[in-house]
Amino acid sequence: MARAPHFSSLSLQTLTLQGPAALTADQHAALLLGGFHPVPAGDALVVEPWVVDQGKQEREERDVTRVDDVEAGSLDRVNLIISDWVGEHAGRLLLGLSFPLVLFIIWQASSLYGWLPDQILPAPSLVWQTLQDRISDGSLWDDTSISLLRVLRGFTIGAAAGLLLGGLMAASRRFHDYLNPLFLAVSQVPTLGWVPLLILVIGIDEGLKNILVALSVFIPVTLGTYQGIRDVPHAYREVGQVLTFGRAQMLRTIILPAAVPAIFTGLREGLSNGWQTLVAVELLASTEGLGFQMAYGRQLFQLELVIAAMLVIGLIGFIFDFLLGRIETHLQRWKVAA
Amino acid sequence: MKRTFFAALISGIFAIGTLGASTAYADPTVIRIGYPGVGVDNQPYGYGDTASLAHVGHYVEDAFKDNPDIKVQWTFFRGAGPELNEALAAHQLDFAAGLGDLPSIVGRARGLKTRFLLPASEHGSLYLAVSPKSNINSIDDLKGRKVAQFRGTNLQIASDAVLEAHHLTEKDVKFVSLTTADGLAALTSGNVDASFGGQEYLDLQKRGIVKIIYASKNDAPIFGTNSAFFVTEEFEQAHPDLTQKVVTAFVKAAAWGSTEANRQAVFEAWAKSGVPVESFADDLQGLSLARENTALVDDFIKARYADKAAKAKQYGLIKKDIDLNSWFAPQYLETALKELKLENFWPTYDANGKKLTDGTVESQKQAAAQ
């Protein structure tokens, strides 16, 4: 690590200033977990435990370096780092775009050479035109906002219930043994398998959509939370016990941070499940929304409407996943290590 | 490695391309007929048109019974016209039997290459059913209510036209798109306030499950639904002789279905779908079979399709105007009528439904009645 001397000298300095005795309980925990390194983040002193995650380390390191260097006023290095960052991200972006690009070229070629009837796969230009028309007359936003609200409502309910149940099952053995068989059985039933039953009980209105989306979010979130908390290394818990943490402190300081990756895996999966379920339910019985637009487009043989809605759904799913990823990174900023 | 991947990709693309081409037949051993609908419990039977009579009576099969190389295959589409259109676009069908007016117009507007052969039902009924306790008493009361409708089928444009006559549009009503069976279930379980549909509702009304508050047959003759027989241009150009044989078979079925002496038998053929005989008897109460099951492309039917195409455009269901004259392929029907000596069998009507000429089928009816 090129900047290690600079960094450790700072650490030393800080340590001398405050001394181990001045450390908070949290910092003690971090110390005992190994790899103790105070890192300057803005004005505050944050102590970070060492967690082995090489890729993340390097990324975070670079961010830290950049802050340092800006303060040092070393413009050349900033430029170098920025171009490095752009290089890395552009590379990944290009890689990520290459496959869709190939698909797009095949799509364009297909419409050019008529591999598929254009009633079934309309030309990209027609889809683009449809998107523009639907944006300008506001109907795209109407449908999108309706579907978005439904997903957010269902996601909030499902994620909250999943976090709670997953947490409880991880916290209490007895609770887990009591509920797990039922939970497993329920999770095996495809969400749409509930539709006929639920239609009889609650009808085809908003309630149906909210419950089905919530259910499809609930299952992966519960599993993620349960596994994430259960799999927190025993050593971490012992640290908390050594430091005589109370339940709340243990949860806040050790368990939740360590369980973040698994919980977020559950949340991300839940969100994508939620979208899929919503579109499927809107296809079945709805008077508005993106899924309804898709069904309508199919019935009136306007497949460009279907593809336009698919693109919007894909884009929103991408944005959601990205945002959740950012939140996860933010919650895991403690994972920085030298 | 990379090269083999691209080679595989490209050969894959070509495989898809040739697959599409190979479904175009050189020598058809199977004549593929699609029907837009299913009976009760998804049974492969239709009802209410001459297409289902041709199916039940094996008219097409019988036309080729001397030629064992030719098989006739019927496919029934639960998703009705919209789904049948997709099969047409994918070159999976040669004939569409009884395709509704709106889906055929939509397909035409989207460039599906079909020819209009002859009508399959002339003014199919449109009913509006509500729950027996409902406070919806007329079309006007539909404003703001949740209504089931099988979208993309000829029921959609027929209900839109009825709404328009009552100064309403689709936007004034909350339409839920449901198939015939799901619409029935949704209405009986109270999930929708009303449902537009066909003869299926007559039996439910009899059993007190629903109340019918609108019937197009009590309205002007321009309301209601139409359906017709179509052939793909591809098949027609490759096999005009086979096309002629199939059309002649369809016309034979229509003639049988237009004869009043067969009234009960016609209803029984339709009842194979699971919809009871009484429903058809009620539906066609006081109406002549020759009027409903005519095979003629007269001014009335031309006007209906012109009207529906204009309305489809007006309601935003299609974007382009369609050319009707180049769609009709009257030569097959004319040849069939000559061959079967049925040139004067059916009465003809003008664009507004006023009778122009009498048909011999009607005098038969009178003879039978006397």
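All of these numbers come straight from a predicted model, not from anything done at the bench. Protein chains get the first letters and strands the later ones, always in sequence-line order, with residue 1 at the start of each.
Counting heavy-atom pairs closer than 4.5 Å to chain A, the top residue among G111(B), S189(B), G190(B) is G111(B). Ranked by heavy-atom pairs shorter than 4.5 Å toward chain A, the options E83(B), Q156(B), K174(B), E86(B) are led by E86(B).
The shortest side-chain heavy-atom distance between F301(A) and I318(B) does not fall under the 4.5 Å cut-off. Proximity of Q299(A) to S177(B): side-chain heavy atoms (C-beta onward) are separated by under 4.5 Å at one or more points.
Counting heavy atoms of neighbouring residues, nucleotides and ligands inside a 6.0 Å radius, atom CG of D323(B) exceeds 12 of them. By the 6.0 Å contact criterion, NZ on K319(B) is enclosed, its count of non-hydrogen atoms from other residues, nucleotides or ligands being greater than 12.
A donor-acceptor pair under 3.5 Å links the side-chain atoms of Q302(A) to the main chain of L317(B), judged by distance alone.
Contact annotation for L112(B): both backbone and side-chain heavy atoms come within less than 4.5 Å of a heavy atom of chain A. Heavy atoms closer than 4.5 Å to chain A are found in the side chain of E170(B), but not in its backbone. Using a 4.5 Å cut-off between heavy atoms, E288(A) makes no contact with chain B at all. L121(A) does not touch chain B: none of its heavy atoms, backbone or side chain, sits under 4.5 Å away. Only the side chain of Y296(A) comes within contact range of chain B, with heavy atoms under 4.5 Å apart.
The CZ atom of R110(B) sits 10.5 Å away from the CG atom of L300(A) when rounded to the nearest 0.5 Å.
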